Chemist: 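The structure is given below, and queries will be raised subsequently.
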Amino acid sequence: MSMQQQIQEKISSAIACKHLNVINESHMHSKGTESHFKVIVVSEEFAGKRLLQRHREINEILKDELVNHIHALAIHTYTPDEYTEQGGEAPDSPNCMGGSKIS
């Protein structure tokens, strides 16, 4: 199973998602390995939660991957209404500033 599939499976198992998109952005960075990802998670479960709480939830779900495999993770979490207000789009990920934990 690819890292992208693993991330998708772990998030969708832990959160009731209305929309989930896991994007492998590794090709945009110095190493071509599966080490840079962007996740867009839309769920009713985020209602009433601050952005930090939402991100901590995703970080907790992916804690092993973050420690052992992932160099960069851009997290975008929305309620369905927030996602609609964004036009169904998430911002572009920032450029990687170099390096990777993966050798």
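Since this is a predicted model, take the numbers as computed values, not measurements.
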Chemist: Shortest non-hydrogen contact from S43 to C17?
Modeler: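 Heavy atoms of S43 and C17 come nearest at CB-CA, 4.4 Å.
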
Chemist: Please enumerate all residues that pass salt bridge (Lys or Arg N to Asp or Glu O under 4.0 Å) together with E82, with sequence neighbours excluded.
Modeler: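 Applying salt bridge (Lys or Arg N to Asp or Glu O under 4.0 Å) to E82 gives R54.
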
Chemist: Within this structure, what is the CZ-CG distance for the pair R56 and L51, rounded to the nearest 0.5 Å?
Modeler: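 CG of L51 is found 11.0 Å from CZ of R56.
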
Chemist: Of the non-hydrogen atoms in K10 and L62, which two are nearest, and what is the gap between them?
Modeler: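 Smallest heavy-atom distance, with atoms named: CB-CD2, 4.2 Å.
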
Chemist: Within this structure, what is the CD1-CD1 distance for the pair I75 and I11, rounded to the nearest 0.5 Å?
Modeler: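 Here the interatomic distance stands at 8.0 Å.
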
Chemist: Shortest non-hydrogen contact from S35 to S26?
Modeler: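 Closest heavy-atom pair between S35 and S26: N-OG, 2.9 Å.
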
Chemist: Could you state the interatomic distance from CG (L73) to CD (E25), rounded to the nearest 0.5 Å?
Modeler: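 It is 9.5 Å, given to the nearest 0.5 Å.
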
Chemist: To which residues is Y83 joined in a hydrophobic cluster, defined by side-chain heavy-atom contacts under 4.5 Å among Ile, Leu, Val, Met, Phe, Trp and Tyr, whether direct or through other members?
Modeler: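 Reading the cluster by chain and number, Y83 sits alongside I23, I40, V42, Y78.
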
Chemist: Would you find a donor on one side and an acceptor on the other, under 3.5 Å apart, between the side chain of T79 and the backbone of F46?
Modeler: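 No: the side chain of T79 does not pair with the backbone of F46.
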
Chemist: Roughly how far apart are N24 CG and Q8 CD, rounded to 0.5 Å?
Modeler: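 It is 12.0 Å, given to the nearest 0.5 Å.
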
Chemist: State which residues pass salt bridge (Lys or Arg N to Asp or Glu O under 4.0 Å) with E60; sequence neighbours excluded, sorted by chain then number.
Modeler: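 Only K63 meet the salt bridge (Lys or Arg N to Asp or Glu O under 4.0 Å) criterion with E60.
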
Chemist: Which residues pass the salt bridge (Lys or Arg N to Asp or Glu O under 4.0 Å) test with K38, not counting sequence neighbours?
Modeler: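 For K38 there are no salt bridge (Lys or Arg N to Asp or Glu O under 4.0 Å) partners, ignoring immediate neighbours.
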
Chemist: Any idea which heavy atoms bring Q4 and V22 closest together, and the distance?
Modeler: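 In this case the closest contact between Q4 and V22 is NE2-O, 2.7 Å.
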
Chemist: Quick one, I70 and I7 - any side-chain contact, counting heavy atoms below 4.5 Å?
Modeler: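 With C-beta onward as the side chain, the pair touches.
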
Chemist: Please name the pair of heavy atoms, one in A90 and one in H76, separated by the smallest distance, quoted to 0.1 Å.
Modeler: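 Smallest interatomic distance, heavy atoms only, reads CB-CG, 3.9 Å.
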
Chemist: Sequence neighbours excluded, which residues qualify as side-chain hydrogen bond (donor to acceptor under 3.5 Å, both in side chains) partners of E44?
Modeler: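 Listed in chain order: nothing, the list is empty.
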
Chemist: List the residues meeting side-chain hydrogen bond (donor to acceptor under 3.5 Å, both in side chains) with E57, not counting sequence neighbours, and say none if there are none.
Modeler: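 K49.
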
Chemist: Quick check: closest heavy atoms across M3 and E65, and the distance to 0.1 Å?
Modeler: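 In this case the closest contact between M3 and E65 is SD-CG, 3.7 Å.
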
Chemist: Should we say atom CD of E9 is surrounded by more than 12 heavy atoms from elsewhere, each under 6.0 Å from it?
Modeler: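 No, because the 6.0 Å sphere around CD of E9 holds 12 heavy atoms or fewer from other groups.
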
